[in-house]
Asks: 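Quick one: structure below, then a few questions.
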Amino acid sequence: MQTLAAAGVRHVFALSGNHVMPVFDASLDAGLDLIHVRHEAAAVHMADAWARLTGEVGVALVTGGPGHANAVSALYTALEAESPVVLLSGHAALGELGKGAFQEMRQAELAAPVTKASWTAQSAGRLGEDLALALREARSGRPGPMHLSLPQDVLEAFVEVGIPQFSAVESRRVAFPEELLKAQRPLVIAGPAMMRIADVQRLEAASGVPVIGMESPRGVNDPALGKLGEVFSRADAVLLLGKRLDFTLKFGKVFSDGCRVLHADAVPEAPEEGQENPWLEDVRSALAYRPPEWKDIEGSLHPVAVCHVVQKILQAPDATLVCDGGEFGQWAQACLHAPRRVINGPAGSIGSALPFAAAAKLAFPHAPVVAMLGDGTFGFHLSEIDTAVRYGLHYIAVIGNDACWNAEYQIQLRAYGKERARGLDLLPTRYGAAAAALGGYGEDVLVFEELEAALGKCIGEKRPACVNVMIERHAAPKYP
């Protein structure tokens with residue numbers, strides 16, 4: 001805990017358990033703030049959102065065995081989002097391994113596929129160095145999660161040891177590719193981690209080359225990026241900047257046969273003088289495209305009409321938008337914009353929105369935070385409203401409730417037909433009342449006329465607020 005404090009860690013997102021109680025106790029002397037959650041996956045999701053929004057390493061602490069197993073699933077979301085997270089897990093004592101120790105599990109092996117590196121500490125004397133390595137590697141190169149298991153006998157040992165020193169991780173630099181400056185229709189496609197680097201965000205203005213960030217599992221069909229497919233098919237040179245040529249790009253099939261594809265994992269130096277190219281305006285126009293008929297969708301609980309009302313809250317200059325997966329999440333990503341945004345990411349997982357929103361409010365306590373999620377998604381971490389209540393994290397969660405796992409229902413309709421669309425119904429539950437029962441503020445909206453007033457009541461609240469909106473059931477947006 002002294003090592004974490006020395007590294008500048010401000011919060012540890014944690015869930016208690018037998019193996020990690022020595023660490024809980026040590027946090028008192030180290031002056032570290034423990035944010036105690038209700039499910040281990042939520043601890044990792046909060047660490048993930050904290051890392052993406054602040055640029056700091058997010059640290060999660062859970063107990064061993066089943067606690068560790070619960071946390072591991074959330075590491076995949078952080079891995080695909082290239083988020084610098086460190087998961088610390090309690091572990092059976094080294095001296096008891098192979099003897100039927102309490103909650104003994106091959107934890108490092110379990111976490112290895114969803115981390116950059118995963119190992120078990122072997123000595124108390126090296127514990128600080130192990131942790132320093134995990135913190136450093138989480139941010140080095142292409143960022144991502146690290147895992148370190150903490151055996152109970154290692155935690156309970158007494159040692160005299162210094163605290164490791166930390167140095168800043170610097171981004172590598174490469175020359176801006178001449179092929180892009182010479183091309184007529186060049187593109188830079190940035191991966192999730194690169195999108196969060198300020199110099200990459202300024203690269204388009206400096207170079208005149210369009211820079212497109214991709215972080216959605218829907219890839220070229222991401223509704224937040226308008227007519228993206230049309231842009232890709234016309235490009236003649238593309239730089240994949242910290243971006244894999246993966247399923248989101250249809251493994252390269254989105255580009256024309258004559259398009260030259262370049263790769264870089266370091267930030268390009270912006271050229272001294274950018275080029276003026278009408279292509280840039282074409283790209284920006286294509287990405288901004290939304291069907292004109294959306295402007296006329298008002299007075300109903302269509303997802304677009306709901307988003308029109310929610311957007312008023314996000315007009316604040318420091319607002320944060322959180323979007324989960326699923327169909328309602330896609331509508332939100334297409335219709336809403338805010339100065340800061342965090343979404344489920346390329347992993348395509350659902351359920352992270354409430355932990356994400358809590359972490360966003362912790363990072364920016366005086367800024368509006370709005371989470372958009374469906375009713376299926378809401379069920380994953382409903383209990384985290386309790387966490388937000390305990391820590392005074394007053395975000396607004398807007399639940400698009402169509403009483404259905406709608407993303408999968410739409411797959412059934414397309415692939416098997418309406419007669420075989422079965423097994424995906426949910427109850428039209430009053431989730432606003434459920435949030436209120438957990439100590440939050442809750443509203444259940446049944447007609448459009450109630451929506452704006454319900455959201456208005458949430459703004460002045462000092463506790464998490466949930467507005468459960470019984471929306472019309474629609475497939476996620478697709479553009480011609």
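Counting begins at 1 with the first residue of the sequence.
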Asks: With sequence neighbours excluded, give me every ring pair (Phe, Tyr, Trp, His ring centres under 6.0 Å) pair touching residues 197-239.
Replies: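 Qualifying pairs: F232-F255.
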
Asks: Please report the shortest heavy-atom distance between A476 and R218, naming the atom on each side.
Replies: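 For A476 versus R218, the nearest heavy atoms are CB-NH1, 3.4 Å.
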
Asks: What heavy-atom pair brings P217 and T248 nearest, and what distance separates the two atoms?
Replies: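 Distance-wise, the nearest heavy atoms are O-CG2, 4.3 Å.
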
Asks: Kindly state each residue pair satisfying salt bridge (charged side-chain N to carboxylate O under 4.0 Å, His left out) with at least one member in residues 283-304, sequence neighbours excluded.
Replies: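 Counting only pairs at least two positions apart or across chains, the salt bridge (charged side-chain N to carboxylate O under 4.0 Å, His left out) contacts touching residues 283-304 are E204-R284.
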
Asks: W50 vs H11 aromatic rings, parallel, tilted or perpendicular, using cut-offs 30° and 60°?
Replies: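 If you compare the ring of W50 with that of H11, the planes turn out perpendicular.
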
Asks: Any donor and acceptor pair, going by atom type alone, linking the side chain of T377 with main-chain N or O of L373 inside 3.5 Å?
Replies: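 Checked: no pair found.
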
Asks: Between I399 and C466, is the side chain to side chain contact (heavy atoms under 4.5 Å, CB included) condition met? List the steps.
Replies: CA-CA 7 Å; I399 305 159; C466 294; 4.3 Å; yes

Asks: At what distance, to the nearest 0.5 angstrom, does OG of S256 lie from CZ of R234?
Replies: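 The OG atom of S256 sits 11.0 Å away from the CZ atom of R234.
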
Asks: Check whether any side-chain heavy atom of I343 lies under 4.5 Å from a side-chain heavy atom of Q333, and answer yes or no.
Replies: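 When only atoms from C-beta onward are counted, Q333 and I343 do touch, with a gap below 4.5 Å.
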
Asks: Can you confirm whether L79 sits close enough to T115 that some side-chain heavy atom of one is under 4.5 Å from a side-chain heavy atom of the other?
Replies: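 Not touching, per the 4.5 Å side-chain cut-off.
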
Asks: Using modelled atom types and a 3.5 Å cut-off, is there a donor and acceptor pairing between side-chain atoms of D444 and backbone atoms of G432?
Replies: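 Between the backbone of G432 and the side chain of D444 there is a qualifying donor-acceptor contact (under 3.5 Å).
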
Asks: Go through the structure and list residues passing side-chain contact (heavy atoms from CB on, under 4.5 Å) with K250, not counting sequence neighbours.
Replies: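 Counting only residues at least two positions away or on another chain, K250 forms a side-chain contact (heavy atoms from CB on, under 4.5 Å) with V220, K253, V254.
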
Asks: Under the 3.5 angstrom rule, does the side chain of W331 hit a backbone N or O of V304 as a donor-acceptor pair?
Replies: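 Here the side-chain-to-backbone pair does not exist.
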
Asks: Which heavy atom of L314 sits nearest a heavy atom of A319, and at what distance?
Replies: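 Shortest heavy-atom separation between L314 and A319 comes out as O-CB, 3.8 Å.
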
Asks: With a 4.5 Å cut-off on side-chain heavy atoms, are N221 and K478 touching?
Replies: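 A side-chain contact under 4.5 Å is absent here.
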
Asks: For S73 and A41, which heavy atoms make the closest approach, and how far apart are they?
Replies: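 Smallest interatomic distance, heavy atoms only, reads OG-CB, 4.3 Å.
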
Asks: Could you work out, with side chain to side chain donor-acceptor pair (under 3.5 Å) as the rule, every residue matching D48, not counting sequence neighbours?
Replies: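 D48 satisfies side chain to side chain donor-acceptor pair (under 3.5 Å) with R52, S83 once adjacent residues are dropped.
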
Asks: Would S383 and R38 count as having a side-chain donor-acceptor pair, cut-off 3.5 Å?
Replies: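 No pair is found: no donor N or O on one side chain lies under 3.5 Å from an acceptor on the other.
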
Asks: Do V209 and V211 come close enough that some side-chain heavy atom pair is under 4.5 Å?
Replies: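 Side-chain contact under 4.5 Å: no.
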
Asks: How many angstroms lie between NE2 in H308 and CH2 in W294, if you round to the nearest 0.5 Å?
Replies: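 These two atoms lie 8.5 Å from each other.
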
Asks: Kindly indicate whether the side chain of E215, heavy atoms from C-beta on, has any atom under 4.5 Å from the side chain of K243.
Replies: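 No. Closest side-chain heavy atoms not under 4.5 Å.
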
Asks: State the CD1-CG distance between I471 and D402, to the nearest 0.5 angstrom.
Replies: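 So the gap between those two atoms works out to 4.5 Å.
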
Asks: Step by step, would you call N344 with T77 a side chain to side chain contact (heavy atoms under 4.5 Å, CB included)?
Replies: CA-CA 7 Å; N344 61 328; T77 299; 5.5 Å; no

Asks: So, the side chain of D375 versus the backbone of P428: is there a donor-acceptor pair under 3.5 Å, distance only?
Replies: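 Side chain of D375 to backbone of P428, a donor-acceptor pair under 3.5 Å: no, none is there.
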
Asks: Would the H68 and H147 ring centres measure less than 6.0 Å apart?
Replies: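 Yes - the distance between ring centres of H68 and H147 falls below the 6.0 Å cut-off.
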
Asks: Please give me the minimum heavy-atom distance between A60 and A43, naming the atom from each residue.
Replies: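 A60 and A43 have their closest heavy atoms at CB-O, 3.8 Å.
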
Asks: Roughly how far apart are T54 OG1 and R10 CZ, rounded to 0.5 Å?
Replies: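 So the gap between those two atoms works out to 6.5 Å.
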
Asks: Testing the basics here: between A338 and T320, what is the closest heavy-atom pair and its distance to 0.1 Å?
Replies: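 Where A338 meets T320 most closely, the heavy atoms are CB-C, 4.5 Å.
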
Asks: Below 4.5 Å, heavy atoms only, C-beta onward: do E443 and V469 meet side chain to side chain?
Replies: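 When only atoms from C-beta onward are counted, V469 and E443 do not touch, as no gap falls below 4.5 Å.
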
Asks: Rounded to the nearest 0.5 Å, what separates atom CG in L426 from atom SG in C404?
Replies: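 Reported to 0.5 Å precision, the distance equals 6.5 Å.
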
Asks: With sequence neighbours left out, write down each residue that passes side-chain contact (heavy atoms from CB on, under 4.5 Å) with E109, or none if nothing qualifies.
Replies: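 side-chain contact (heavy atoms from CB on, under 4.5 Å) list for E109, sorted by chain: R106.
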
Asks: Taking only residues two or more places apart in sequence or in another chain, which ones pass ring-ring contact (aromatic ring centres under 6.0 Å, His included) with Y76?
Replies: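 Testing Y76 for ring-ring contact (aromatic ring centres under 6.0 Å, His included), a comparison that skips the adjacent residues, returns none.
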
Asks: Using atom types as modelled and distance alone, determine if a side-chain donor or acceptor of S285 lies under 3.5 Å from a backbone N or O of E281.
Replies: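 No: the side chain of S285 does not pair with the backbone of E281.
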
Asks: Who are the side chain to side chain donor-acceptor pair (under 3.5 Å) partners of H381, not counting sequence neighbours?
Replies: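 H381: no side chain to side chain donor-acceptor pair (under 3.5 Å) contacts found.
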
Asks: Do F380 and H39 have side-chain heavy atoms sitting under 4.5 Å apart?
Replies: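 A side-chain contact is absent here, since even the closest heavy-atom pair is not under 4.5 Å.
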
Asks: Restricting to pairs with a member in residues 189-200, which pass side chain to side chain donor-acceptor pair (under 3.5 Å), not counting sequence neighbours?
Replies: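 Qualifying pairs, neighbours excluded: R173-D199, D199-R202.
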
Asks: For side chain to side chain contact (heavy atoms under 4.5 Å, CB included), just list the numbers for L287 and L228, CA-CA rounded to whole Å, side-chain angles, deciding distance to a tenth of an Å, and then say yes or no.
Replies: CA-CA 6 Å; L287 297 180; L228 180 63; 3.8 Å; yes

Asks: Can you tell me if Q107 and S89 form a side-chain donor-acceptor pair at under 3.5 Å?
Replies: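 No, no side-chain donor-acceptor pair sits under 3.5 Å.
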
Asks: Does any pair with a residue in residues 69-83 pass salt bridge (charged side-chain N to carboxylate O under 4.0 Å, His left out), and if so which ones, sequence neighbours excluded?
Replies: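 For residues 69-83, and leaving out neighbouring residues, the salt bridge (charged side-chain N to carboxylate O under 4.0 Å, His left out) pairs sorted by first residue read E82-R142, E82-R244.
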
Asks: Take L424 and Q412, measure what side chain to side chain contact (heavy atoms under 4.5 Å, CB included) needs, and give me the verdict at the end.
Replies: CA-CA 10 Å; L424 296 174; Q412 287 182 327; 3.2 Å; yes

Asks: Any side chain to side chain donor-acceptor pair (under 3.5 Å) involving residues 414-431? Give me the pairs, sequence neighbours left out, ordered by first then second residue.
Replies: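 Those involving residues 414-431 do not exist here.
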
Asks: Tell me whether E327 is salt-bridged to R473, with the criterion being a basic N under 4.0 Å from an acidic carboxylate O.
Replies: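 No salt bridge links E327 with R473.
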
Asks: The criterion is salt bridge (charged side-chain N to carboxylate O under 4.0 Å, His left out); which residues satisfy it with R139, sequence neighbours excluded?
Replies: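 So R139 forms no salt bridge (charged side-chain N to carboxylate O under 4.0 Å, His left out) with any residue.
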
Asks: Using a 3.5 Å cut-off and no angle test, enumerate the donor-acceptor pairs between side-chain atoms of residues 350-364 and protein atoms at least two apart in sequence or in another chain.
Replies:
| unit_1 | atom_1 | unit_2 | atom_2 | d |
| --- | --- | --- | --- | --- |
| K361 | NZ | P365 | O | 3.4 |
| K361 | NZ | A367 | O | 2.6 |

Asks: Hey, could you give me the CG/CG distance between D130 and L88, rounded to the nearest 0.5 Å?
Replies: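 Going from CG on D130 over to CG on L88, the span is 10.5 Å.
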
Asks: Charged N to carboxylate O below 4.0 Å: is that the case for E230 and R185?
Replies: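 Between R185 and E230 there is no salt bridge, as every charged N stays at least 4.0 Å from the carboxylate O atoms.
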
Asks: Side-chain contact, heavy-atom cut-off 4.5 Å: L451 with L455?
Replies: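 Yes - at least one pair of side-chain heavy atoms lies under 4.5 Å apart.
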
Asks: Decide if atom CD of E452 counts as having more than 12 heavy atoms of other residues, nucleotides or ligands within a radius under 6.0 Å.
Replies: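 12 or below, so no.
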
